[in-house]
**Q** 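Here's a structure for you.
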Amino acid sequence: MMYEPICLTILLIAIIAFSCIIRQIIILKKKNKILLLLNDELYKENKAKMQLFKILCHDLRGPVSSLIQLQQVAGLVDKKTNDKLKKKAIHKTEKLLYFMEDLLLWGKGQMVNFTTQSETICIDSLFKYAEKHFSDDEEITFSFHNPEKLMLFTDHDFVKTILRNLTANALAFTKNLPNPLITFKAWSDEYSVYISVFNNGEAKNFNRFNTLYHENDYVNSRSGLGLHLIRDLAQIIDCKLSTNFTEEGTTIKLTFEKQQLN
């Protein structure tokens with residue numbers, strides 16, 4: 001009879017020990033599951049970064065190569081042609097600078113605790129900026145419509161960069177057209193202010209615009225960094241994007257809620 005308490009004690013210890021082992025196994029399984037998820041996220045992030053670096057190399061190679069070629073032929077042509085090449089070189093350099101600024105702005109947007117700097121913006125000033133930036137594209141007809149003289153309260157650099165990339169995207173669609181046209185419009189209703197960029201080029205591949213709506217769509221050589229910039233920067237300033245494809249052309253619309261206005 002005296003062995004019964006000892007046996008019960010041993011049994012109790014064994015049960016407690018077994019319970020602790022089971023608990024540790026469960027905890028380890030949970031930790032392993034978390035580690036697998038973290039490793040998967042890390043893999044995806046590293047993959048996205050590698051794709052981004054590939055696109056950066058691709059997008060930078062063109063402008064830099066053009067600048068080198070312009071410098072090489074500058075002394076081999078007449079003064080008129082040389083002046084034209086210098087003007088072209090300056091424009092290429094400016095576009096390269098804007099590309100680097102876009103990249104910096106996008107990088108800031110990816111940082112934790114980054115805040116935007118909102119201010120009151122005249123939409124006409126945004127349209128004038130777009131017109132000036134692409135003024136060398138003489139074959140393109142630009143049209144601007146803002147009859148209400150609307151204003152926005154948002155981050156100036158973000159919305160300016162979005163419009164610049166939208167315009168560059170529109171230019172790609174109108175390339176080689178006999179009468180290329182890009183139209184900017186601004187209007188409002190009771191709830192929102194809208195800005196649209198229309199081009200009369202045919203959107204043969206609608207799927208390339210999926211980047212604007214899917215965060216998991218990584219940078220690729222076909223879409224480059226432009227659409228990803230538009231998507232990410234628009235999301236940061238609470239700007240909604242929408243697309244419309246017709247026989248006349250392609251329209252991308254930006255929607256700003258009026259509660260964002262100052």
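These numbers come from a predicted model, not from an experiment.
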**Q** Can you check whether L126 reaches V159 side chain to side chain, under 4.5 Å on heavy atoms?
**A** yes

**Q** Distance from H156 atom NE2 to T161 atom OG1, nearest 0.5 Å?
**A** 9.5 Å

**Q** Can you list everything that forms a side-chain hydrogen bond (donor to acceptor under 3.5 Å, both in side chains) with S143? Sequence neighbours excluded, please.
**A** H145

**Q** To the nearest 0.5 angstrom, please state how far the CG atom of L166 sits from the CD1 atom of I195.
**A** 9.5 Å

**Q** Do F158 and L241 sit in the same hydrophobic cluster, where Ile, Leu, Val, Met, Phe, Trp and Tyr count as joined when their side-chain heavy atoms come under 4.5 Å apart?
**A** yes

**Q** Quick one: closest heavy-atom pair of R164 and H133, and the distance?
**A** CD-NE2, 3.3 Å

**Q** Return the minimal non-hydrogen interatomic distance between S192 and E257, and the atom names on each side.
**A** OG-CA, 4.1 Å

**Q** How close do D155 and Q117 get, heavy atom to heavy atom, and via which atoms?
**A** OD2-N, 2.7 Å

**Q** Considering all heavy atoms of both residues, which atom of L177 and which atom of G201 are nearest to each other, and what is their separation?
**A** CD1-CA, 3.7 Å

**Q** Please check this pair: side chain of N169 against backbone of N165, looking for a donor-acceptor N/O pair closer than 3.5 Å.
**A** no

**Q** Could you list the residues that satisfy ring-ring contact (aromatic ring centres under 6.0 Å, His included) with F184, not counting sequence neighbours?
**A** F127, F144

**Q** Side chain to side chain contact (heavy atoms under 4.5 Å, CB included) between L152 and V193: does it pass, once the steps are laid out?
**A** CA-CA 8 Å; L152 285 176; V193 172; 3.8 Å; yes

**Q** Using 0.5 Å steps for rounding, measure from the CG atom of L233 to the SG atom of C239.
**A** 10.0 Å

**Q** How would you list, by chain and number, every residue that makes a ring-ring contact (aromatic ring centres under 6.0 Å, His included) with F198, sequence neighbours excluded?
**A** none

**Q** Which pairs with one or both residues in residues 143-153 pass salt bridge (charged side-chain N to carboxylate O under 4.0 Å, His left out), sequence neighbours excluded?
**A** D124-K149

**Q** Consider only side-chain heavy atoms of I, L, V, M, F, W and Y, link residues closer than 4.5 Å, and tell whether V197 and F142 are in one cluster.
**A** yes

**Q** Compare all side-chain heavy atoms of I26 with those of K29 and state whether any distance is below 4.5 angstrom.
**A** no

**Q** Give the cluster check for I230 versus I236: same hydrophobic cluster or not, with ILVMFWY residues linked at side-chain heavy-atom distances below 4.5 Å.
**A** yes

**Q** Counting C-beta onward and ignoring hydrogens, is there a side-chain heavy-atom pair between S196 and W187 closer than 4.5 Å?
**A** yes

**Q** What closest approach, in Å, do I182 and T167 show between heavy atoms, and which atom pair accounts for it?
**A** CD1-O, 4.2 Å

**Q** Determine whether T243 and T251 make a side-chain contact, defined as any pair of heavy atoms from C-beta on separated by less than 4.5 Å.
**A** no

**Q** Do N199 and L181 make a side-chain contact, defined as non-hydrogen atoms from C-beta onward lying under 4.5 Å apart?
**A** no

**Q** Can you tell me how far the CG atom of L28 sits from the CD1 atom of I21, to the nearest 0.5 Å?
**A** 11.5 Å

**Q** How long is the straight-line distance from CG of D238 back to OG of S118, given to the nearest 0.5 Å?
**A** 9.0 Å

**Q** For F134 versus A168, what's the shortest heavy-atom pair and its separation?
**A** CZ-N, 3.8 Å

**Q** Taking side-chain hydrogen bond (donor to acceptor under 3.5 Å, both in side chains) as the definition, give me every residue that meets it alongside T246, ordered by chain and number, with sequence neighbours left out.
**A** E248

**Q** Any non-hydrogen side-chain atom of K253 less than 4.5 Å from a side-chain atom of Y194?
**A** yes

**Q** Please tell me whether I121 and F256 are part of a single hydrophobic cluster in this structure, the criterion being side-chain heavy atoms less than 4.5 Å apart.
**A** yes

**Q** Establish whether L254 and L150 are linked, either directly or via other cluster members, by ILVMFWY side-chain heavy-atom contacts under 4.5 Å.
**A** yes

**Q** Distance check, rounded to the nearest 0.5 Å: K132 atom NZ versus S125 atom OG?
**A** 12.5 Å

**Q** Going by the rule salt bridge (Lys or Arg N to Asp or Glu O under 4.0 Å), which residues pair with K30 if we only count those two or more places apart in sequence or in a different chain?
**A** none

